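As structure tokens, the structure follows; a few thoughts come after it.
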Amino acid sequence: MTGFDLAKLLAERGAERYDLHARHLNHQLPRMLHTIGFDKVYERGEGAYFWDAEGNDYLDMLAGFGVMGLGRHHPVVRKALHDVLDADLPDLTRFDCQPLPGLLAEKLLTYAPHLDRVFFGNSGTEAVETALKFARYATGRPRILYCTHAFHGLTTGALSVNGEPGFRDGFAPLLPDTAIALGDLTALERELHQGDIAALIIEPVQGKGVHPTPPGFLPAAQELLRKHKALLIADEVQTGLGRTGDFFAYQHEEGVEPDLVCVAKALSGGYVPVGATLGKDWIFKKVYSAMDRVLVHSASFGSNAQAMAAGLAVLTVMEDEGIAANARRTGDLLRTRLAALTDRYELLHDVRGRGLMIGIEFGRPKSLALRGRWRMLQAARKGLFAQLVVAPLLQRHRILTQVSGDHLEVIKLIPPLIIGEPEVDRFVEAFTAVMDDAHNGGGLMWDFGRTLVKQAVAHR
């Protein structure tokens with residue numbers, strides 16, 4: 001009998017968490033968390049909440065960057081994982097066909113009936129890598145189009161279609177790629193005319209800044225791509241599985257049928273990493289064209305029983321509990337109540353998004369006193385004001401949120417899809433209090449701003 005005791009290990013060493021990260025992992029993470037006051041110690045999580053050692057609850061409006069679509073520790077997903085472990089399945093033999101991957105693929109494809117086959121990997125970036133490889137092989141063309149400000153992952157292929165220079169800098173050379181502005185059909189057609197485009201990859205709602213594709217762009221882009229025999233790849237890693245109020249965000253516009261669709265995050269149930277690439281039959285048959293190509297694209301842990309069981313449980317919960325409909329209903333309520341505040345606060349410029357993927361954008365105020373403070377922050381580093389809002393939401397109101405991207409004055413809300421009116425009330429109340437403080441010259445908030453300015457200047 002092994003002497004490993006997880007509870008004892010955590011009890012003895014749990015308090016060292018930040019020191020352990022500083023010594024053995026990414027040393028900048030604890031440094032960043034200490035600087036912005038996010039160095040909390042959470043003891044447990046359930047649903048849309050965390051609790052600290054003192055029993056204080058924290059509302060999670062981040063959902064692990066979208067992973068926790070059903071919240072933490074959903075009982076149905078939890079039971080499915082207990083069941084699959086207790087079943088002692090002969091998992092990952094590599095030379096058999098277990099039932100769970102086929103069942104999950106079958107279930108996923110019911111939500112995209114124009115698609116035929118699925119490849120299972122372990123993450124969103126792997127799902128994107130699969131789509132890029134398949135598109136290039138199936139079309140025989142090298143170049144991928146993507147949109148400025150896109151985020152599709154950080155492995156080398158996915159990084160090639162990442163629209164944020166800060167992630168790409170220092171990692172060249174990457175794959176042949178070209179960026180176009182989101183919604184720019186003229187640029188899309190110009191690039192397609194060159195004849196070397198394999199695909200356009202696009203997030204139906206961009207995570208960075210929370211920008212939905214302009215109305216009509218996806219159907220028109222699909223028509224152009226088909227005309228030039230190129231593929232449409234929908235990256236639904238964050239937007240899929242009900243996040244925007246539809247099962248897939250591309251379904252917001254009638255007639256859009258991507259050739260390849262990437263999903264991950266919420267499919268995991270928050271437990272076991274999983275990614276999936278859905279695609280058309282002819283694409284898969286071209287990639288896997290003969291028996292000697294059976295492993296031309298594979299993943300060691302892909303299709304493992306725990307991930308498949310979690311995915312099947314997640315899809316069942318989504319249907320049984322009306323998760324997508326709740327995201328649409330609750331998201332509309334939250335967005336409407338926040339949008340109503342734009343007339344009240346001159347620093348609040350826009351509220352946008354779909355379902356429970358919402359962007360809150362701040363901008364230059366009109367009044368003289370606020371303009372001076374705004375300029376101070378902007379001169380040091382764009383995006384600091386959004387951090388001034390995020391920090392008191394956590395420190396004073398125990399609500400976890402995120403700034404939507406580097407150098408952006410946008411907060412992104414991607415809470416668990418199970419939240420309802422009580423969570424909307426709590427967030428709007430807290431956000432109103434923070435904005436009141438900002439507009440009334442609240443000392444604590446702007447003092448924190450001056451601290452961040454000093455940090456930004458010191459690290460230039």
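Index from 1, following the sequence. Source: prediction; values computed, not measured. Values below: all heavy atoms of this structure, side chains included; hydrogens, waters and symmetry mates excluded.
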**Request:** Would you check if Val410 and Phe362 make a side-chain contact, meaning some heavy-atom pair closer than 4.5 Å?
**Result:** no
**Prompt:** Under the 3.5 angstrom rule, does the side chain of Arg17 hit a backbone N or O of Gly14 as a donor-acceptor pair?
**Reply:** yes
**Pair listing, salt bridge (Lys or Arg N to Asp or Glu O under 4.0 Å) test, anchored in residues 86-98, at least two apart** = none
**Request:** Search all heavy atoms of Pro214 against all heavy atoms of Gly183 and return the closest pair with its distance.
**Result:** CG-CA, 3.8 Å
**Item:** Partner residues of Lys40 under the side-chain contact (heavy atoms from CB on, under 4.5 Å) criterion, sequence neighbours left out
**Value:** Tyr42, Tyr58, Leu394, Gln395
**Fill in**
Hits for side chain to side chain donor-acceptor pair (under 3.5 Å) against Glu189, two or more places apart or cross-chain, chain-then-number order -> none
**Asked** Is there a donor-acceptor contact under 3.5 Å from the side chain of Lys412 to the main chain of Gly207?
**Response** yes
In a table with atom names and distances, give each donor-acceptor pair under 3.5 Å that connects a side chain of residues 256-276 to protein atoms at least two apart or in another chain.
residue: Asp259; atom: OD1; partner: Lys280; partner atom: NZ; Å: 3.0
residue: Asp259; atom: OD2; partner: Leu232; partner atom: N; Å: 2.8
residue: Lys265; atom: NZ; partner: Phe65; partner atom: O; Å: 3.1
residue: Ser268; atom: OG; partner: Lys265; partner atom: O; Å: 2.7
residue: Ser268; atom: OG; partner: Gly270; partner atom: N; Å: 2.9
residue: Tyr271; atom: OH; partner: His73; partner atom: ND1; Å: 2.9

**Asked** What ring-ring contact (aromatic ring centres under 6.0 Å, His included) pairs are there with at least one residue in residues 194-242, not counting sequence neighbours?
**Response** His193-His228
**Request:** Only counting residues at least two apart or in another chain, list the ones meeting side-chain contact (heavy atoms from CB on, under 4.5 Å) with Ala80.
**Result:** Ala313
Scan the side chains in residues 415-431 for donor-acceptor partners under 3.5 Å anywhere in the protein, sequence neighbours excluded, and list what turns up.
residue: Glu423; atom: OE1; partner: Gly420; partner atom: N; Å: 2.8
residue: Glu423; atom: OE2; partner: Tyr49; partner atom: OH; Å: 2.9
residue: Asp425; atom: OD1; partner: Arg337; partner atom: NH1; Å: 2.4
residue: Arg426; atom: NH1; partner: Asp57; partner atom: OD2; Å: 3.0
residue: Arg426; atom: NH2; partner: Asp57; partner atom: O; Å: 3.4
residue: Arg426; atom: NH2; partner: His397; partner atom: O; Å: 3.4
residue: Arg426; atom: NH2; partner: Arg398; partner atom: O; Å: 3.3

**Prompt:** Hey, what's the ring geometry for Phe248 with Tyr250, parallel, tilted or perpendicular (30° and 60° as the breaks)?
**Reply:** parallel
**Prompt:** With sequence neighbours left out, which residue pairs that include part of residues 295-320 fulfil the ring-ring contact (aromatic ring centres under 6.0 Å, His included) condition?
**Reply:** Phe119-His297, Phe134-His297
**Request:** With sequence neighbours excluded, tell me which residues meet side-chain contact (heavy atoms from CB on, under 4.5 Å) with Gln194.
**Result:** Arg143, Glu191, Asp196
**Item:** Residues in side-chain contact (heavy atoms from CB on, under 4.5 Å) contact with Glu106, at least two apart in sequence or another chain
**Value:** Leu103
**Close side-chain approach of Phe4 and Leu9, heavy atoms under 4.5 Å** = yes
**No-hydrogen, no-angle side-chain donor-acceptor test under 3.5 Å, Thr244 and Thr239** = no
**Message:** Taking salt bridge (charged side-chain N to carboxylate O under 4.0 Å, His left out) as the definition, give me every residue that meets it alongside Arg168, ordered by chain and number, with sequence neighbours left out.
**Reply:** Asp177
**Within-4.5 Å side-chain heavy-atom neighbours: Leu231 and Ile283** = yes
**Asked** Is there a side-chain contact between Glu361 and Arg352 (heavy atoms, below 4.5 Å)?
**Response** yes
**Prompt:** Do Arg328 and Asp332 meet the salt-bridge criterion of a basic N to acidic O distance under 4.0 Å?
**Reply:** no
**Request:** Output all residues satisfying salt bridge (charged side-chain N to carboxylate O under 4.0 Å, His left out) with Arg136, sequence neighbours left out; order by chain, then residue number.
**Result:** none
